[in-house]
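Note that the structure is predicted; figures quoted are calculated from it, not measured. All values below come from the heavy atoms of this structure, side chains included, with hydrogens, waters and symmetry mates left out.
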Amino acid sequence: MKKVLFLALFLSAVSARAQLTDTFADANFTQNPTWTGDAAAFQINSAQQLQTNGPAVTGTEIQLVTPCTATTGTTWEFWANLKLATSGGNYADVWLMADQADLKASGTKGYFVRLGGTADEVSLFRQDATGSPVYVVNGQDGTLGSTTNNLVRVCVTRTTQHVWTLERDLTGSTAYVREGTATDAIHQRSAYFGVYATYSQANSRAFTFDDFRVTDATAPLLTQATVTAARQLDITFNEAVATSQVAASYRLLGSGTPAVTAATRDAADPTLVHLTLAADVPLGAHTVEVRAVADAFGNVAAGPLTATFQNNGFAVAPTMNQVLITEIMADETPVVGLPASEFVEVHNASATAVLDLAGVRLLKPGSTSAAVFPAGATLLPGEYAVVCGSTRAAQFASYGKVFGLTNFPSLSNAADQLVLRGKDGRTLFEVSYTDAWYQDARKKEGGWTLEMLDSGNPCAGAPNWRASTDATGGTPGRANSIRATNPDRTPPVLLRALALSPTTVRLYFAEKLDSTAAAVPAHYTLTPTALLPAPPPLPPIFER
């Protein structure tokens, strides 16, 4: 017999082939393939079999592993003979899949076949990062009942749907008897195949293994597509794919979608391919199609394979007037229909940008504390969210997205000022309301919210706000009941000017100003003529 590890990659259709074969006919386990671990505790015996030869010490654990990434659509076969009475301290584990080279290490994950143990069985187990091994297929107890000659050949298959089948032949041939089947998809990555044995003093040379064969005869399947950057799409397969990838194997379906310009397999995860696109992925639902992609063992997926994905955009820090306060509940009693709690509503006024609110502060000017949005807080284009105190968030759970913030400011019923500031300190939005904004003497007494009419005119002030008309008293988490077009067609009016010093004049306008335009000296003249420096508009409302 002959030993060979097939690692060559082919881009044409092939028949079933072994990814790992070792019969030890060359009388070594140090090459083709290379087994590593407790090498001094193993030998090749005169029958050209792998045999344990470790210390004659009770409780000894020894192992060997060889690289193998086969996971699904795979068949594992091996022969073994345990020339001892198996027990809780005398058994062997043949690891079909292991995520690391040290099978004895805590945290090693994968699947193995146990030969022996307290139940004298042939069973398939799953090992998670923590805890004891878990049965996948619990074989018949007493199967390995001899005290001197437990001969067995084992065959395990795993389909691409993660259905496991365990079979064995106690004559060492291939007339397999089925121990059972089960579905288990917990672990889908592998780096090593290996053997492990633990024994008492008299059994240091009682384990022999032979005829290892791992065969993957199935083409890869596409499992997931995820947008990871404006021009990058990550494709995940159910198994390792070929190192070399071709951009032409991938395309986004539909008109107006960008072309794939490059395809690169991930350096650490062989099931992952990064696609680079010629332009930004449009927002919305899309489908990616894959053809002629081979797995790491030469099986080709002729295709087409498809996966759908959703592009909701990538969160960016909001700029001025991108995130707005569009609704205010300053006086929650008497209750009309909404929870008895103060809140404000924030709205992403952008049509395309996902806003990253992490670090954005909600505060009242002059306050020593602020309510800070947590990491991961985002608003999708056009989305609304309720902002309230951290202890009140549960009351608004049915209204959609809710941010329950520590230090949520107490809102004055009669009049107050609220500011949203970016984590860099820049003012994003400000509103200074009074109860006159309700324009309804009954509703200003409580239970009703103030709503913004036109989010496209966020700086309009009082003319752009009034009491909600919704029967519940407000519309938290959704479009406002009074929403309407309310453009600003009136230029700002200068109300008064005040000389603060021989060189400083403060101007008061009837509405908020554009801070950039207001800072241009050419926009101002002084009679008699004087040289005017750049005037600093005063935040947060830039009215001076």
Identify every side-chain donor-acceptor pair in residues 479-486 under 3.5 Å, counting partners at least two apart or on other chains, and give the distances.
unit_1: N480; atom_1: OD1; unit_2: T475; atom_2: OG1; d: 3.3
unit_1: N480; atom_1: ND2; unit_2: T326; atom_2: O; d: 2.9
unit_1: N480; atom_1: ND2; unit_2: M452; atom_2: O; d: 3.0
unit_1: S481; atom_1: OG; unit_2: E451; atom_2: OE1; d: 2.7
unit_1: S481; atom_1: OG; unit_2: E451; atom_2: OE2; d: 3.4
unit_1: S481; atom_1: OG; unit_2: S468; atom_2: OG; d: 3.1
unit_1: S481; atom_1: OG; unit_2: T469; atom_2: N; d: 3.0
unit_1: S481; atom_1: OG; unit_2: T469; atom_2: OG1; d: 3.2
unit_1: N486; atom_1: ND2; unit_2: P463; atom_2: O; d: 3.2
unit_1: N486; atom_1: ND2; unit_2: N464; atom_2: OD1; d: 2.8

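- Side-chain atoms of L379 and V323, non-hydrogen and from C-beta on, do get closer than 4.5 Å to each other.
- Enclosure of atom NZ in K423 is not indicated, since only 12 or fewer non-hydrogen atoms of other residues, nucleotides or ligands lie within 6.0 angstrom.
- Close placement of the Y111 and W164 rings is indicated, their centers lying within 6.0 Å of each other.
- Residues D184 and H162 bring no donor and acceptor atom of their side chains to less than 3.5 Å of each other.
- Put simply, the side chain of Y192 does not reach to within 4.5 Å of the side chain of C68, judged on heavy atoms.
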message = Go through it in stages, so that I can follow the logic: the residues are D128 and K109, the test is salt bridge (charged side-chain N to carboxylate O under 4.0 Å, His left out), and I'd like the CA-CA distance, side-chain angles, deciding distance and then a yes or no.
response = CA-CA 5 Å; D128 300 325; K109 303 189 295 290; over 6 Å; no
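- Note: T271 OG1 to F237 CZ = 9.0 Å, rounded to the nearest 0.5 Å.
- Within the 4.5 Å cutoff, no side-chain heavy atoms of L380 are placed close to those of N348.
- Between atom OH of residue Y433 and atom CD1 of residue I325 there is a gap of 10.0 Å, rounded to the nearest 0.5 Å.
- When side chains are defined from C-beta on, F125 does not count as touching V134, because their heavy atoms never get closer than 4.5 Å.
- The list of salt bridge (charged side-chain N to carboxylate O under 4.0 Å, His left out) pairs with a residue in residues 309-336, not counting sequence neighbours, is empty.
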query = K443 and D435: salt bridge (charged side-chain N to carboxylate O under 4.0 Å, His left out), yes or no, with the steps?
reply = CA-CA 9 Å; K443 291 182 178 180; D435 57 7; over 6 Å; no
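- Side-chain atoms of D216 and T218 form a donor-acceptor pair, as typed in the model, at a separation below 3.5 Å.
- The side chain to side chain donor-acceptor pair (under 3.5 Å) pairs that include a residue from residues 361-380 are K364-D416, where partners are two or more places apart or lie in different chains.
- For the residue pair E289/T287, the side-chain donor-acceptor check at 3.5 Å is not satisfied.
- For R466, the side-chain hydrogen bond (donor to acceptor under 3.5 Å, both in side chains) criterion is met by no residue, not counting sequence neighbours.
- Taking each heavy atom of G474 and T449 in turn, the nearest pair found is CA-OG1, 3.5 Å.
- With rounding to the nearest 0.5 angstrom, the OG1 atom of T306 is 7.5 Å from the CG atom of L253.
- Note that the CG atom of D266 and the CG atom of L272 stand 4.5 Å from one another [nearest 0.5 Å].
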inquiry  = Under the criterion side-chain hydrogen bond (donor to acceptor under 3.5 Å, both in side chains), I'd like the reasoning laid out for Q100 against T108: C-alpha separation, chi angles, the key distance, then a yes or no.
reply    = CA-CA 6 Å; Q100 58 180 309; T108 301; 3.0 Å; yes
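- Within the structure, side chain to side chain donor-acceptor pair (under 3.5 Å) contacts touching residues 384-400 (residues at least two apart or in different chains) are S341-R392.
- Atoms CZ and CD1, from R265 and I235 in turn, are 15.5 Å apart once rounded to the nearest 0.5 Å.
- The side-chain heavy atoms of Q245 and T264, taken from C-beta on, include no pair separated by under 4.5 Å.
- Scored by the salt bridge (Lys or Arg N to Asp or Glu O under 4.0 Å) test, D102 finds no partners at all (sequence neighbours excluded).
- When each of T223, T72, T160 is paired with N238, the side-chain hydrogen bond (donor to acceptor under 3.5 Å, both in side chains) condition holds for T72 and for no other.
- Side-chain contact between F408 and E342 is present, with heavy atoms from C-beta onward closer than 4.5 Å.
- Q188 has its side chain out of reach of T71: every pair of non-hydrogen atoms, C-beta onward, lies at least 4.5 Å apart.
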message = Set out, in order, the CA-CA distance, both residues' side-chain angles and the distance that settles side-chain contact (heavy atoms from CB on, under 4.5 Å) for L324 and V346, then state yes or no.
response = CA-CA 5 Å; L324 309 175; V346 291; over 6 Å; no
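- Using a 4.5 Å heavy-atom threshold, the side chains of L277 and T261 count as separate.
- With rounding to the nearest 0.5 Å, the separation of OG1 in T319 from CZ in R426 is 7.5 Å.
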